[in-house]
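Below is one structure, written out as structure tokens, with a few remarks after it.
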Amino acid sequence: MKPSGYTLIELMVVVAIVGIISAIAYPSYQGYLRDTYQAQAVADLQSCSSAIERYYSNDYTYAGADTAGVCTAWSPSDGPEANKRYTLSFPTLTATNYVIRMTPVDEGACVQLAANGTQSSC
């Protein structure tokens, strides 16, 4: 009668193949996450810009919009602050102009949005 089952060598080959595939896939997955968080930061910037424009339509000034609670100070804005990946700041906030900036907490690209709608890297 022939014994059934796998040999130790067959199991080691399978484990090695899984390890190689994992070593190749993990960096790609990390890049995917980084790109996703950056896209979410851009979406949060645009949402904040819309909120600041609404503030301007009521008060005819951009100044004070950051203290009025119109924007979440982190991204992703739908999560708790403990999970933030980007931090929101206002390098320029005057009566007639603003620049909103999302700065990464760990890694990623800094993104900023101006009042005229131009988006750029920091």
Side-chain angles (χ1 to χ4, degrees):
M1 180 173 230
K2 182 178 177 184
S4 63
Y6 298 105
T7 65
L8 181 60
I9 293 176
E10 290 171 330
L11 292 175
M12 289 175 53
V13 167
V14 169
V15 168
I17 291 172
V18 169
I20 291 170
I21 292 172
S22 297
I24 293 170
Y26 185 72
S28 297
Y29 178 69
Q30 292 295 353
Y32 169 76
L33 285 179
R34 185 175 43 253
D35 293 345
T36 302
Y37 284 125
Q38 183 173 351
Q40 180 65 43
V42 169
D44 288 340
L45 274 178
Q46 292 169 346
S47 174
C48 185
S49 175
S50 296
I52 289 174
E53 291 295 338
R54 283 192 302 276
Y55 184 89
Y56 182 81
S57 69
N58 292 332
D59 294 342
Y60 303 109
T61 182
Y62 293 121
D66 64 331
T67 59
V70 296
C71 297
T72 306
W74 63 87
S75 178
S77 61
D78 58 350
E81 186 174 5
N83 296 337
K84 70 180 177 182
R85 301 292 182 174
Y86 283 81
T87 303
L88 177 104
S89 63
F90 295 88
T92 304
L93 188 63
T94 64
T96 58
N97 193 19
Y98 67 86
V99 173
I100 314 166
R101 180 177 294 160
M102 284 286 190
T103 308
V105 173
D106 291 329
E107 61 180 43
C110 179
V111 181
Q112 64 184 21
L113 184 66
N116 62 3
T118 58
Q119 177 183 324
S120 61
S121 319
C122 306

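For clarity, every value in this text was computed on a predicted model and none was experimentally measured.
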Keeping to residues at least two apart or across chains, list the disulfide bond (SG atoms under 2.5 Å apart) pairs with something in [range].
range           : value
residues 11-44  : none
residues 92-122 : Cys110-Cys122
residues 28-65  : Cys48-Cys71

side-chain contact (heavy atoms from CB on, under 4.5 Å) involving [X] - partner list, sequence neighbours excluded:
X      : answer
Thr87  : Lys84, Val105
Gln119 : Val42, Gln46, Val111, Leu113
Pro76  : Tyr37, Gln40, Asp78, Arg85

#### Entry: Residues forming a side-chain hydrogen bond (donor to acceptor under 3.5 Å, both in side chains) with Asn116, sequence neighbours excluded
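Only Thr118 meet the side-chain hydrogen bond (donor to acceptor under 3.5 Å, both in side chains) criterion with Asn116.
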### Minimum-distance pair of heavy atoms, taken over all atoms of Ser75 and Ala41
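Minimum heavy-atom contact is OG-CA, 3.3 Å.
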### Task
Please collect all salt bridge (Lys or Arg N to Asp or Glu O under 4.0 Å) contacts where either partner lies in residues 18-33, sequence neighbours excluded, each pair once.
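Of all non-adjacent pairs touching residues 18-33, none passes salt bridge (Lys or Arg N to Asp or Glu O under 4.0 Å).
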### Task
Provide the full list of salt bridge (Lys or Arg N to Asp or Glu O under 4.0 Å) pairs with a residue in residues 28-45, sequence neighbours left out, each pair given once.
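Output for this query lists Arg34-Glu107.
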### Task
Would you mind listing every ring-ring contact (aromatic ring centres under 6.0 Å, His included) that reaches into residues 75-95, with sequence neighbours excluded?
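Counting only pairs at least two positions apart or across chains, no ring-ring contact (aromatic ring centres under 6.0 Å, His included) contact touches residues 75-95.
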Going by atom type alone, with no hydrogens or angles, which donor-acceptor pairs under 3.5 Å involve a side-chain atom of residues 3-25 and a protein atom two or more places apart or on another chain?
from  : atom 1 : to    : atom 2 : distance (Å)
Thr7  : OG1    : Glu10 : N      : 3.3
Glu10 : OE1    : Thr7  : N      : 3.0
Ser22 : OG     : Val18 : O      : 2.9

### Message
For a side-chain contact (heavy atoms from CB on, under 4.5 Å) check, start with the C-alpha distance between Val70 and Ile52, then their side-chain angles and the critical distance, and finish with the verdict.
### Response
CA-CA 7 Å; Val70 296; Ile52 289 174; 4.2 Å; yes
### Task
Rounded to the nearest 0.5 Å, what's the gap from CG on Leu88 to CH2 on Trp74? Could you check?
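Separation between the atoms: 10.5 Å.
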Could you list the donor-acceptor pairs under 3.5 angstrom formed by side chains in residues 93-102, with sequence neighbours left out?
from   : atom 1 : to     : atom 2 : distance (Å)
Thr94  : OG1    : Thr96  : N      : 3.4
Thr94  : OG1    : Asn97  : N      : 3.1
Thr94  : OG1    : Asn97  : O      : 3.2
Tyr98  : OH     : Ser49  : OG     : 2.7
Tyr98  : OH     : Glu53  : OE2    : 3.2
Arg101 : NE     : Gln112 : OE1    : 3.1
Arg101 : NH2    : Gln112 : OE1    : 2.8

